[in-house]
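Position 1 is the first residue of the sequence, and the numbers go up from there. Atom set for the values below is all heavy atoms of this structure, side chains included, hydrogens, waters and symmetry mates excluded.
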Amino acid sequence: MKPDKHQNPTSPTRRRALKTVAAAATVSGAALAAQQSPLRKPTPPPPQTVAPKVVRSAATASVPKPAPAAAQPVPRPITPPAPQDALPPVPFAFTPFTVPLPLPQVQQPAGIGQAPYQPGDVFHGIAPEYFDRSVAERPDLKFYERLPTKFYELRMTSGVHEIIPGVQTPIYAYNGSYPGPTFRFRVGEPAVVRLWNDLPIEMSAHLHGGHSPAHADGYPTFYVLPGRARDYFYPNTVPMLNGQPDFTESPSTMWYHDHAMDIAAGNVWKGLCGFALCTDQLEEDLIASNVLPGDQWDITLCLQDRRLNPDGTLYFDHFDHNGTLGNIWVVNGKAQPFLKVQRRKYRFRILNGCNARFLEVRLSNGQPFTRLGKDSWLYPQAIEQSTMMLSSGQRADVVIDFTDAPPELFLENILAQTNGRKPEGSLASPGRLDVPVPFMKFIVEGEAQPDNATVVPGTALRPHHDLNPADAVITRVFEFHRSNGAWQINKRFFDPNLANATPTLGTVERWICRNGSGGWWHPIHVHLESHQIIRQNGQPPALQDRFKSDLHILDGGSEVEMLMRFRTFKGPFVFHCHNVEHEDMRMMFTVDPRLTPTASPQPIQASYP
């Protein structure tokens, strides 16, 4: 590991890396298309367009290596760009809702039970937990597994993709697909994903919402270097509670994306994201008994905003640290697609895959959603919501009943946001668009189907255990704020060699997160464990936020109090703002669970370069 390479966000080494990404982003779409496929037509000249107008409303196995301590990195002051109050028009004319919604392919294993390759026999190795499957805080216990390990191979590549029909846009992709293929995991069925990097810059993959070893969690400097591979070991297990598997923590809706230090925003913007869905026996029983829609009616929706240059390349400014907004409304990699549906209930896993844009989604006919869960986890009972606020990275697991729907309806965003800093208004009183933005159209066909799923608001789903505030062994306070044009937590920039919090495995902690930068909102994501919000601005959280989360929103001047129990794996892991540009500009800390009580800060206890 070479820690000095990454100490300063504006160091010459890092600037060169950023310029490499920026140069790749500005390669002509036609030129790259010619390299990739001589049969593709060149990018058409930019005709005039009519874009949706946003109107503001007032209202080998790796062996852990000790990491050296490092001096606190101090970026040079950067003059922030002026807030972008209006995006330019889309440089290409297209007719929305003429392209069908693409459904990512399900990734198939290369082997089950018997490995098609030697796990760990790659440059970046595999997690030590692959060989010793002990629970860190209870080494007398093995973590829960009940099925043979599945082995996968995945490659990060460059390619050409049509976000807008006929416009060829250079992208990064997993297995050539944007979004990447969907993984379907089962609790108790371990997986090894051998990830190759065929791109010219370093990468790091994070399974967002997963309970995974540190080697495989996408720590920002645990890279997959160009031309190299890392074996990501995903146990797909649950933590132990009183010596038994805690199935209240079984995940349902996860996703994966790039997490490389300083450059994740540009990499995700260019296409490095995909879904990872997981079931256990309880959820499989709900599907088998027709309470929840089956796989045929279970659809992933990755909602993103993107912006194109006149040559078809993706517009991205690596030095705008407020956050990048787009003016093209993209679902599963396509601008404003349509989906034909039957008159029945469908399950949708809705992801806000934007870099910085917050969304408040609704159905155009005013019909409410039946919401099954938030982020990775099912609720104890299904709830009803007419609109849903989602920050970057948050997921909403919902059912939409099309039985009595009109022939056409739209999934639309009603939240006004004109720059990367934050939406209009506040969480309590969000600013709404005068004219909603439709992301996609549903075309409802046929007669009502007799085998409809039975779930309704109030249907029992997954049991939930409340954490007890009295069990918290420590209270930690983290303040998120701006400094020198970049972002800090507790007046420190992210240092990948420093553990800022060192929880003791098996214990509960109380964290208080505060937004000290009132002009910006920060969605805060904690790796490894779910957290339970117990108070927001001194009040009980809204119903949809009362259970498990891996992300919470800090609007201007706000405070969130939450509880977490740390289990299964030693660190290091991170927590950070999920406005990805804020993350890149160092609004990130390391949480490093340990076997014995340890004062913090400390050097991280292990490194897996």
Side-chain angles (χ1 to χ4, degrees), residues 64 127-130 133-138 143-144 185 187 190-191 204-222 232-241 245-246 248-257 259 276 278 374-377 393-395 467 472-474 476 478 489 494 496 499-511 513 523-533 548-552 562-578 583 588-595 598 600 604-608:
E129 290 86 350
Y130 176 79
R133 305 193 179 191
S134 297
V135 176
E137 70 273 22
R138 285 282 307 272
F143 52 70
Y144 173 76
F185 295 139
V187 171
S204 178
H206 172 48
L207 179 60
H208 185 130
H211 191 67
S212 306
H215 175 282
D217 188 63
Y219 196 78
T221 54
F222 296 175
Y232 284 84
F233 174 49
Y234 299 127
N236 295 321
T237 191
V238 292
M240 293 290 184
L241 182 64
D246 183 4
T248 70
E249 294 280 353
S250 293
S252 285
T253 307
M254 302 178 288
W255 67 299
Y256 61 99
H257 57 85
H259 210 265
C278 193
K374 178 189 177 187
D375 295 340
S376 286
W377 300 276
Q394 285 187 319
R395 287 87 70 210
L467 294 177
V473 299
I474 191 172
R476 304 183 193 268
F478 300 104
I489 304 174
F494 175 59
N500 307 97
T502 52
T504 303
L505 282 160
T507 66
V508 174
E509 293 200 350
R510 174 176 174 258
W511 285 17
C513 297
I524 306 304
H525 171 46
V526 185
H527 289 219
L528 178 65
E529 294 287 358
S530 67
H531 59 263
Q532 297 181 21
I533 300 170
K548 295 178 180 66
S549 305
D550 61 48
L551 265 158
H552 63 266
M562 62 192 195
L563 299 172
M564 279 181 294
R565 179 185 281 121
F566 294 90
R567 294 174 283 184
T568 315
F569 303 113
K570 295 185 291 185
F573 302 92
V574 291
F575 63 99
H576 55 86
C577 179
H578 215 284
E583 171 189 336
M588 180 153 51
F589 258 15
T590 296
V591 55
D592 198 0
R594 305 192 176 201
L595 293 176
T598 307
S600 57
I604 59 174
Q605 64 183 314
S607 180
Y608 304 100

Query raised in the report: When you look at Ser250 and Trp377, which way does the side-chain contact (heavy atoms from CB on, under 4.5 Å) test go after all the steps?
Result: CA-CA 7 Å; Ser250 293; Trp377 300 276; over 6 Å; no

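- A distance-only check finds a donor-acceptor pair linking the side chain of Gln532 to the backbone of Leu467 [under 3.5 Å].
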Report task. Walk me through it: do Trp511 and Val526 pass the test side-chain contact (heavy atoms from CB on, under 4.5 Å)? Result -> CA-CA 11 Å; Trp511 285 17; Val526 185; 4.3 Å; yes

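- Here the closest non-hydrogen pair linking Phe573 and Pro213 is CE2-C, 4.0 Å.
- Between Asp592 and Lys570 there is no salt bridge, since no side-chain nitrogen of the basic residue lies less than 4.0 Å from a carboxylate oxygen of the acidic one.
- Legend: residues meeting salt bridge (Lys or Arg N to Asp or Glu O under 4.0 Å) with Lys548, ordered by chain and number and at least two apart, are absent.
- Residues Thr504 and Pro593 form no side-chain contact, since every pair of their non-hydrogen atoms from C-beta on lies 4.5 Å or further apart.
- Taking both residues in full, the closest heavy atoms of Pro572 and Thr590 are given as CB-CG2, 3.7 Å, listed atom of the first, atom of the second, then distance.
- Note on Asp550 versus Lys374: no salt bridge recorded, every NZ/NE/NH1/NH2 to OD/OE distance being 4.0 Å or above.
- Summarising the geometry of Asp375 relative to Leu551, their closest heavy-atom pair is OD2-N, 3.2 Å, with the distance given to 0.1 Å.
- Annotation: the span from Thr237 atom OG1 to Tyr144 atom OH amounts to 8.0 Å, rounded to 0.5 Å.
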Report task. Evaluate side chain to side chain donor-acceptor pair (under 3.5 Å) for Ser530 paired with Glu249, printing each intermediate quantity in order. Result -> CA-CA 8 Å; Ser530 67; Glu249 294 280 353; 3.1 Å; yes

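- At a threshold of 4.5 Å between non-hydrogen side-chain atoms, the residues Ile489 and Cys577 do not count as touching.
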Requested in this report: List the steps and the verdict of side-chain contact (heavy atoms from CB on, under 4.5 Å) for Arg510 and Met562.
Outcome: CA-CA 6 Å; Arg510 174 176 174 258; Met562 62 192 195; over 6 Å; no

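- Aromatic pair His527/His259: ring centres closer than 6.0 Å.
- Between the side chain of Arg138 and the main chain of Ala136, no donor-acceptor pair closer than 3.5 Å is present.
- Between Leu207 and Tyr232 there is no side-chain heavy-atom pair separated by less than 4.5 Å.
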**Report entry** ring-ring contact (aromatic ring centres under 6.0 Å, His included) assessment of His525 paired with His206
**Finding:** CA-CA 12 Å; His525 171 46; His206 172 48; 5.4 Å; yes

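- Note that the CG atom of Leu563 and the CD1 atom of Ile533 stand 10.5 Å from one another [nearest 0.5 Å].
- Shown here for Pro503 and Phe566, the closest heavy-atom pair between the two residues is CB-CD1, 3.6 Å.
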Query raised in the report: side chain to side chain donor-acceptor pair (under 3.5 Å) between His211 and Thr568: does it pass, once the steps are laid out?
Result: CA-CA 8 Å; His211 191 67; Thr568 315; 2.8 Å; yes

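- Between His215 and Tyr608, the distance from one ring center to the other falls under 6.0 angstrom.
- In this structure, Val238 and Asp246 approach most closely via the heavy-atom pair CB-O, 3.6 Å.
- Separating the SG atom in Cys513 from the CZ atom in Phe575 is a distance of 6.5 Å, to the nearest 0.5 Å.
- Using a 4.5 Å heavy-atom threshold, the side chains of His208 and Met254 count as separate.
- Distance check: Tyr256 OH to Tyr234 OH gives 9.5 Å after rounding to the nearest 0.5 Å.
- Qualifying side chain to side chain contact (heavy atoms under 4.5 Å, CB included) partners for Ser600, counting only residues two or more places apart in sequence or in other chains: Arg476, Thr502.
- Counting only heavy atoms from C-beta outward, the side chains of Phe569 and Leu528 approach each other to under 4.5 Å.
- For Arg133 (side chain) and Phe143 (main-chain N/O), no donor-acceptor pair under 3.5 Å exists by modelled atom type.
- Scanning both residues, Ile524 and His531, for their nearest heavy atoms gives O-CE1, 4.5 Å.
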Query - Verdict with supporting geometry, Val135 and Arg567, side-chain contact (heavy atoms from CB on, under 4.5 Å) - result: CA-CA 8 Å; Val135 176; Arg567 294 174 283 184; over 6 Å; no

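- Counting heavy atoms from C-beta outward, Pro523 and His552 have side chains that stay 4.5 Å or more apart.
- Remark: the backbone N or O of Tyr219 is not paired with any side-chain donor or acceptor of Asp217 at under 3.5 angstrom.
- In this structure, SG on Cys278 lies 5.0 Å from CG on Asn236, to the nearest 0.5 angstrom.
- Taking the charged nitrogens against the carboxylate oxygens, Glu509 and Arg565 have no contact shorter than 4.0 Å, which rules out a salt bridge.
- Separation of atoms CZ (Phe185) and OG (Ser252) is listed at 13.5 Å; rounding is to 0.5 Å.
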